[in-house]
Every structure is written in structure tokens, then in C-alpha cells.
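We're numbering straight along the sequence, starting at 1. These numbers come from the heavy atoms of this one structure, side chains and all, not from hydrogens, waters or symmetry mates. Note that the coordinates shown come from a computational prediction; the quantities given were computed from them, not determined experimentally.
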Amino acid sequence: MKKSVKITLWILFIIIIAWAVIFTVDYSKVSRLKKPFFVIEIGKEDGETSATVYMGLGYKVYVEEANIVVDNKEERCLTKTEMYILDRFVVGAIADLAENDAEPNQENENKEKDNVGITTVMTLEDNIQEDSIWCGTFQLIWNDLKNDLAKQDIVFDPQLDVVENLNKETFKVEDLSEQYFYKKIGNPTYELKNEIEKAIKSKFNEKSDILEDFYWSEKNEEDYFLYVMLKKQFEFEKAFEEMENGDFGEAGTASYFGIKESSDSDELRNQASVLYYNSKEDFAIVLKTKVEDEVIICKNPSGTNFNEIYKNIEKQTESYEGVTSLEKGELLKVPNIKLKEKTEFKEIQEKPFNFANGTSYFISKAIQTIEFELDKTGGKIKSEAGMMINKSAARIPEKLREFVVDDTFAIFLKEEGKETPYFAGKIDDITKFQ
């Protein structure tokens, strides 16, 4: 072998060994929640949290920091590290902070301002009062708990009505296209948390609003975590007209979009269809989007739960013999909606129930978020649900019409061709939703 070839091979060998040493050092640091050494800082990552981005020899590292209060003293601490090679997750670490000893010194206790006075129900069958919302995400992880883990109905002692309703599975994965949700079950570890975070970043370009609310340390290998995220965005083919602010029931003033009586746009009118019309105080309409989503709005809905309301809409639609198109000179006026709600379902926590094999479990924490917006251009919805399941120590449930939505109404989102909606709302006080 020529001397030059031997020298080249030795140089390549030394380079490979040197890279392996450098990578091992930084790998070890990242896995122990420490800043890597053989890297240079290249900037900050855009997003809700500030992550410093470092570039090494063929790998990239993200480091998050926060001001933490420990023993009444504020310190700047690393809270998260992640290493990637070719955008593939290699290793990461998350700060394990005792809840009583350390608190983030930012707005973490109240990251979002929830819409005051709005009730989130867990199922379409739950009784609703004023200003209630529902989204199918929590039902999806309950179905997994029942079918994949417990392998039987969940039964508390005494049994709760809401648990009976959840066991009915009135919403299933078949009611939503797969590209709009991500779902995962696993043992509650930091590795699972990292996997979920990377998956929702890849699929939806989103970060979780609930994962930090769960405790990920010292879990039994027989414990479980169930998670789902839903994200959809839809647009109207043509933006509706912006309307003047006006009254909404006795709640005050609301902002609206729709179609003015003077409008001569057939394109706008073709985007709305009448399901039924009994009077200007009793009607239902559907707004069509570019894709498969339908926005169904019913003024002064009838029913004690969302399922009853929706069935009543279907029943009246089937028997309606009037004009289903929006005619020229007819007014359409729909309120803008913007809500962001986070709910912990404490009523189902810390109650023992059995799996089919006789093992006793309890739900230590169950959380759901719902974000929904609707305006003249379209709408978007994002919802997360998470549930931590822990093993128990013990065993053990024909004139011109007016379509002005200016008082109590129900709203549903459903994919065309599907049987069941994936979002529902009953709105009495519009000021809570704008």
C-alpha cells in the first residue's frame, strides 16, 4: 500500500475517533441536562418558549432556560435539553423540579387567560347549562382506556353519570380524519414525553399546553399515560362581510360577520344553506368551507345535552320543506368567536376502578384544552387531552327571513359525510367568547 494512502487512512481514522470523543462528551452533557461543550451558538428558536440553538459537529442542540425559585432564591436554570442529528431526536433531558420546592418565576401558573364562566363537558351526553363547550379529544383517550387498557367498561363505586356517558363512546376515531389528530399511549416517562413533543411538532408544528402539568418521575412500569391532540383549520371560499357590532341577548354588544341585506354576492349566499327556519328566533343554518368541514349554527337550541340538540337539528332538517337557499335581501349575521379553555376533570380523579384482569387503577390527573376561533374568513380549532393512570394498591366506574344569531345558540363542527360532530358549543353570553 502506498505511503500516501496509509497517511490518508490514518488521518480519517483520527478524525473519526476525535468526532466520536467530541460527540460522546456533548451527548453525555445533554442527557444530564447540561450545556454541550463542543458547539457554537447559532441563535434562538422561534416559538412560545425561548430555546437557544447550538450547532456541533454534525448535530444540533436546543437548550431551554428559565428563572426558577428554589428555597426562596431565584436562580437561572436549564429546564430542557435536546440533541438532534439530521432532524432526528437523539437524546434529551427535562428538569425534575419538586412542586413544593421550585416554581417557574414567569407566568406559568396562568399561562392562558381562560374564558371565565365557560363549562367544558366530557361527552355529548352530559347535561349542559349556559355557555358550555365540548370537543371529542377526551372521549378518544377514554375509548383507549376502556378498550385497549381496561378491556371493559370503566366502573366507579358509586358509579358516576359522566362515566356511564363516556363508556357509551358517542365519539370515535372514525368520526375524524386521521391527518387531524395524533394519539399515543405509553408508560409515563420523560422518553414518552419527548416522543409526544417531537410528534406534535412534526405533525402540527405545535407545542403542548398540558404535558408540563403531569408528573413524570418515579412512575410504576404498570402506570399509563394517554394523550391526544386535534388540530384543524378551515376557510370559507370567499370571506363573509364584516358587520357592524350589535346587541346579543342581554349580554351586551357583540362583533359579527355575515351577509348584508343589500349584498348582491351569489358567491357568499352559496356558502350558506338553511337547514330549517321556523322564525327569526328559531332556525338552523350551515356554513360551507373549502374542504370537508361544515359549521352548523342553531339559534335557541332545544335539548338538555349536545347530542339531543344535534338530533333535534337533524329531525327538523328532515321535515323542513321550505327554501334551503339564502335568498337575495335576506340577512345573515353570525357572531365572531374566540375561546381558549383549559379544564382539569377532578370529578373523575382518585377513584379506583378495575381492569378486566382484576388489577385496580385510578386516574391521577385528567386535563383537556379547547381553543376555537371563528370569523368571516373561516375558523380553527386545537384541542389536547391527557390522562395519567396509576396502579392502585387495592382492588375495587316564505317571506324574507332573518338569520341573525344574536341570542343563545349552539354551534357544531362536523366533517362532511361523518355521523358525529367533533366540536360543540352552546353560547348564551357572547362576551365570554369574544
Side-chain angles (χ1 to χ4, degrees), residues 232-249 253-302 309-338 372-381 398-419 421-427 430 433-434:
K232 293 200 75 172
Q233 187 163 346
F234 54 87
E235 294 180 355
F236 301 123
E237 195 70 42
K238 181 179 175 64
F240 284 99
E241 297 173 310
E242 189 171 334
M243 314 290 280
E244 292 183 1
N245 290 357
D247 293 337
F248 186 95
T253 302
S255 58
Y256 291 91
F257 69 89
I259 306 174
K260 298 175 182 177
E261 297 147 294
S262 58
S263 174
D264 58 0
S265 174
D266 290 334
E267 288 181 286
L268 287 182
R269 296 189 180 282
N270 289 337
Q271 290 181 164
S273 182
V274 180
L275 297 178
Y276 66 85
Y277 184 91
N278 299 321
S279 71
K280 66 179 183 179
E281 301 299 331
D282 182 13
F283 63 83
I285 57 173
V286 58
L287 305 182
K288 305 168 187 176
T289 69
K290 287 182 179 180
V291 286
E292 70 272 9
D293 295 285
E294 299 175 340
V295 183
I296 301 168
I297 296 176
C298 167
K299 187 174 181 181
N300 287 317
S302 174
I309 292 173
Y310 189 72
K311 296 300 182 186
N312 284 335
I313 293 173
E314 288 186 320
K315 184 177 179 180
Q316 293 210 58
T317 299
E318 290 174 0
S319 61
Y320 181 62
E321 297 180 351
V323 179
T324 58
S325 60
L326 211 64
E327 303 294 295
K328 286 187 177 181
E330 294 185 329
L331 173 65
L332 173 66
K333 196 174 175 182
V334 179
N336 294 301
I337 297 175
K338 186 174 184 178
F372 176 54
E373 295 183 20
L374 181 69
D375 60 27
K376 65 180 181 179
T377 63
K380 58 184 178 180
I381 183 169
E398 301 315 332
K399 58 183 178 179
L400 292 181
R401 303 161 293 183
E402 286 188 5
F403 299 89
V404 179
V405 188
D406 61 357
D407 206 338
T408 298
F409 70 98
I411 181 169
F412 297 87
L413 296 182
K414 179 183 77 73
E415 287 191 5
E416 186 177 2
K418 304 294 186 181
E419 292 295 326
Y422 61 84
F423 171 80
K426 178 175 178 284
I427 298 176
I430 193 64
F433 294 80
Q434 292 189 344

Look up atom NZ in Lys338 and atom CG in Leu374, then write down how far apart they are to the nearest 0.5 Å. 13.0 Å
Do the side chains of Val323 and Arg401 get nearer than 4.5 Å, heavy atoms only? yes
Contacts of Glu267 that satisfy side chain to side chain contact (heavy atoms under 4.5 Å, CB included) - sequence neighbours left out: Lys238, Ser265
Closest non-hydrogen atom pair between Tyr310 and Lys414, with its separation: OH-CD, 3.0 Å
Would you say the side chain of Leu332 lies within less than 4.5 Å of the side chain of Leu287, judging by non-hydrogen atoms? yes
Roughly how far, to the nearest 0.5 Å, is the CZ atom of Phe236 from the CZ atom of Phe257? 4.5 Å
Restricting to side-chain hydrogen bond (donor to acceptor under 3.5 Å, both in side chains), what partner residues turn up for Glu416, sequence neighbours left out? none
So, using side-chain hydrogen bond (donor to acceptor under 3.5 Å, both in side chains) as the criterion, who are the partners of Asp282 when residues are at least two apart? Asn278
Give a yes or no on whether a salt bridge exists between Lys232 and Glu292, defined as a side-chain N under 4.0 angstrom from a carboxylate O. yes
Can you find a pair of side-chain heavy atoms, one from Met243 and one from Lys260, that are under 4.5 Å apart? yes
Using the ring pair (Phe, Tyr, Trp, His ring centres under 6.0 Å) criterion, which residues pair with Tyr276? Sequence neighbours excluded. none
Ring pair (Phe, Tyr, Trp, His ring centres under 6.0 Å) filter on Phe403, not counting sequence neighbours, yields Tyr277, Phe283
Does the Asn312 side chain pair with the main chain of Ser302, one donor and one acceptor, at a distance under 3.5 Å? yes
Between Ser325 and Val274 the two heavy atoms that sit nearest each other are O-CG2, 4.0 Å
Under the 3.5 angstrom rule, does the side chain of Gln233 hit a backbone N or O of Lys380 as a donor-acceptor pair? no
Got a sec, which residues hit salt bridge (Lys or Arg N to Asp or Glu O under 4.0 Å) with Glu261, two or more places apart in sequence or on another chain? none
How far apart are the closest heavy atoms of Asp407 and Phe248, and which atoms are they? O-CZ, 3.1 Å
Kindly compute the distance separating CG (Leu326) from CD1 (Ile259), expressed to the nearest 0.5 Å. 5.0 Å
Using side-chain hydrogen bond (donor to acceptor under 3.5 Å, both in side chains), reason through Asn336 and Ser255 one step at a time and then give a plain yes or no. CA-CA 6 Å; Asn336 294 301; Ser255 58; 3.1 Å; yes
Between Lys299 and Glu281, is there a side-chain N and carboxylate O pair less than 4.0 Å apart? yes
Restricting to side-chain hydrogen bond (donor to acceptor under 3.5 Å, both in side chains), what partner residues turn up for Lys290, sequence neighbours left out? Glu235
Name all residues meeting the ring pair (Phe, Tyr, Trp, His ring centres under 6.0 Å) criterion together with Phe423; count only those two or more places apart in sequence or in a different chain, and write none if there are none. Phe372
Can you confirm whether Val334 sits close enough to Phe240 that some side-chain heavy atom of one is under 4.5 Å from a side-chain heavy atom of the other? no
Could you measure the distance from the CG atom of Asp293 to the NZ atom of Lys288? Nearest 0.5 Å is fine. 14.5 Å
Calculate, to the nearest 0.5 Å, the distance between atoms CD1 and CZ belonging to Ile430 and Phe409 respectively. 4.5 Å
Salt bridge (Lys or Arg N to Asp or Glu O under 4.0 Å) involving Glu327 - partner list, sequence neighbours excluded: none
Nearest-0.5 Å distance that lies between atom CD1 in Ile411 and atom CD1 in Ile309: 12.5 Å
After noting the C-alpha distance and the side-chain angles of Ile427 and Val405, does the key distance pass the side-chain contact (heavy atoms from CB on, under 4.5 Å) rule? CA-CA 10 Å; Ile427 298 176; Val405 188; over 6 Å; no
Take atom NZ in Lys418; do more than 12 heavy atoms of anything else shown fall under 6.0 Å from it? yes
Side chain proximity check, Thr317 to Glu314, heavy atoms < 4.5 angstrom: no
Which pair of non-hydrogen atoms, one from Asp247 and one from Tyr256, has the smallest distance, and what is that distance? O-OH, 2.7 Å
Contacts of type side-chain hydrogen bond (donor to acceptor under 3.5 Å, both in side chains), residue Ser263, not counting sequence neighbours: none
Would Val286 and Val295 count as a side-chain contact (heavy atoms from CB on, under 4.5 Å) here? Give the steps. CA-CA 5 Å; Val286 58; Val295 183; 5.9 Å; no
Gln316 vs Leu275, test: side-chain contact (heavy atoms from CB on, under 4.5 Å). Steps then yes/no. CA-CA 8 Å; Gln316 293 210 58; Leu275 297 178; over 6 Å; no
List in chain and number order the residues that pass ring pair (Phe, Tyr, Trp, His ring centres under 6.0 Å) with Tyr422, two or more places apart in sequence or in another chain; answer none if no residue qualifies. none
Do Gln434 side-chain atoms and Ala254 backbone N/O form a donor-acceptor pair below 3.5 Å? no
Going by the rule salt bridge (Lys or Arg N to Asp or Glu O under 4.0 Å), which residues pair with Asp375 if we only count those two or more places apart in sequence or in a different chain? none
